[in-house]
Amino acid sequence: VQKNEAISHLKTRVENLIKRYPEHPGASDLKKVLRELTQEEQFESDWQQFAAHFDQVHAGFLRRIQEQYPQLTAKDSRLCAYLRMNLSTKEIAPLMNISVRGVEISRYRLRKKLNLDKETNLNDFMANF
């Protein structure tokens with residue numbers, strides 16, 4: 001919610017700058033920034049729709065995992081959903097807009113939050129949760 005509010009606030013400020021200085025040489029760059037902010041805002045909306053449908057298909061998976069592990073962040077929940085879908089690290093990286101190494105680090109941190117031992121396969125855990 002805070003992220004969405006920040007994006008909305010930034011969009012408003014950029015729009016005001018574009019209106020105030022339409023002939024400024026940097027106006028075209030500001031328009032590009034505005035498009036990127038709009039895309040990020042749309043991505044959050046898409047995720048909410050995806051999460052609702054995902055929960056229906058997977059018998060409330062996201063709701064159950066959030067209830068059992070309330071310390072999980074939204075990013076953690078997103079990773080859990082992708083792991084439940086049996087996606088590889090390379091497939092997850094562009095979906096989360098991070099590097100492959102970033103996904104590996106996120107997986108490691110998720111394992112710690114879930115208190116999983118090294119012998120437990122994270123994908124199997126998500127598939128059977």
Side-chain angles (χ1 to χ4, degrees):
V1 172
Q2 289 174 342
K3 179 180 171 186
N4 289 339
E5 289 174 358
I7 289 172
S8 179
H9 178 71
L10 286 171
K11 278 182 61 176
T12 302
R13 290 183 65 187
V14 170
E15 288 169 346
N16 289 339
L17 284 171
I18 292 170
K19 287 177 187 174
R20 189 176 302 154
Y21 306 106
E23 302 301 320
H24 189 276
S28 63
D29 289 334
L30 286 175
K31 289 178 183 177
K32 290 177 186 175
V33 170
L34 186 60
R35 277 193 298 272
E36 289 176 20
L37 290 171
T38 301
Q39 287 174 342
E40 182 62 29
E41 199 173 49
Q42 181 63 38
F43 177 74
E44 284 300 314
S45 173
D46 290 345
W47 168 253
Q48 290 171 353
Q49 287 179 337
F50 171 82
H53 293 295
F54 185 86
D55 249 7
Q56 288 176 346
V57 171
H58 292 277
F61 172 81
L62 292 173
R63 179 187 45 76
R64 285 185 290 120
I65 202 155
Q66 199 62 46
E67 286 172 358
Q68 190 161 350
Y69 301 98
Q71 73 276 19
L72 295 181
T73 64
K75 184 178 175 182
D76 294 332
S77 294
R78 194 174 291 172
L79 178 58
C80 289
Y82 295 146
L83 292 171
R84 173 74 181 231
M85 294 169 57
N86 203 26
L87 296 179
S88 71
T89 299
K90 288 182 180 180
E91 292 170 323
I92 294 171
L95 294 173
M96 295 185 73
N97 201 22
I98 58 177
S99 67
V100 171
R101 181 71 179 136
V103 174
E104 291 168 353
I105 292 168
S106 295
R107 288 173 60 104
Y108 172 77
R109 290 180 180 152
L110 180 61
R111 290 179 68 78
K112 286 179 74 172
K113 288 181 182 181
L114 299 174
N115 296 318
L116 298 179
D117 56 20
K118 292 182 179 185
E119 290 78 36
T120 306
N121 183 297
L122 187 57
N123 285 14
D124 291 344
F125 178 82
M126 290 301 155
N128 297 319
F129 186 82

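- At a threshold of 4.5 Å between non-hydrogen side-chain atoms, the residues Glu91 and Leu95 do not count as touching.
- Atom CD of residue Gln39 and atom CG of residue Leu34 lie 10.5 Å apart, to the nearest 0.5 angstrom.
- For the residue pair Pro94 and Lys90, the shortest heavy atom distance occurs at CD-O, 3.2 Å.
- Scanning both residues, Lys113 and Gln71, for their nearest heavy atoms gives O-NE2, 2.8 Å.
- Shortest non-hydrogen contact noted between Asp76 and Leu72 is OD2-CA, 3.7 Å.
- Side-chain atoms of Asp55 never come within 3.5 Å of backbone atoms of Ala51 as a donor-acceptor pair (strictly under, hydrogens ignored).
- The two residues Arg111 and Asp117 make their nearest non-hydrogen contact at NH2-O, 2.5 Å.
- Note on residues 108-129: pairs passing ring-ring contact (aromatic ring centres under 6.0 Å, His included), not counting sequence neighbours, are Phe61-Phe129, Phe125-Phe129.
- Residues Met126 and Tyr82 are not in side-chain contact: their nearest non-hydrogen atoms beyond the backbone lie 4.5 Å or more apart.
- Between the NZ atom in Lys31 and the CZ atom in Arg35 there is a gap of 8.5 Å [rounded to 0.5 Å].
- Between the NZ atom of Lys32 and the CG atom of Leu37 there is a distance of 14.5 Å, given to the nearest 0.5 Å.
- Between atom CE of residue Met85 and atom OG of residue Ser88 there is a gap of 11.5 Å, rounded to the nearest 0.5 Å.
- Closest approach of Leu114 to Leu122, counting heavy atoms only: CD1-CD1, 4.1 Å.
- Among all heavy-atom pairs drawn from Ala81 and Leu62, the shortest one is CB-CD2, 4.0 Å.
- If you take CD1 on Ile92 and CD1 on Ile98, they are separated by 8.5 Å, rounding to the nearest 0.5 Å.
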* When you look at Ile105 and Arg109, which way does the side chain to side chain contact (heavy atoms under 4.5 Å, CB included) test go after all the steps? -> CA-CA 6 Å; Ile105 292 168; Arg109 290 180 180 152; 3.4 Å; yes
* Stepwise side chain to side chain contact (heavy atoms under 4.5 Å, CB included) check, Phe50 with Arg78 -> CA-CA 10 Å; Phe50 171 82; Arg78 194 174 291 172; over 6 Å; no
* To do: Could you give me the CA-CA distance, side-chain angles and deciding distance for Arg107 and Asn123, then say whether side chain to side chain contact (heavy atoms under 4.5 Å, CB included) is met?
  => CA-CA 10 Å; Arg107 288 173 60 104; Asn123 285 14; 3.4 Å; yes
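- Under the 3.5 Å distance criterion, the side-chain polar atoms of Thr120 are left unmatched by any main-chain donor or acceptor of Leu116.
- With values rounded to the nearest 0.5 angstrom, Glu36 atom CD is found 12.0 Å from Leu10 atom CG.
- Although no hydrogens or angles enter the test, the distance criterion places no donor-acceptor pair under 3.5 Å between the side chain of Gln66 and the main chain of Ser77.
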* Apply side chain to side chain contact (heavy atoms under 4.5 Å, CB included) to Val14 and His9, showing your working. => CA-CA 9 Å; Val14 170; His9 178 71; over 6 Å; no
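- Ion pairing between Arg64 and Glu67 fails under the 4.0 Å rule for side-chain N and carboxylate O.
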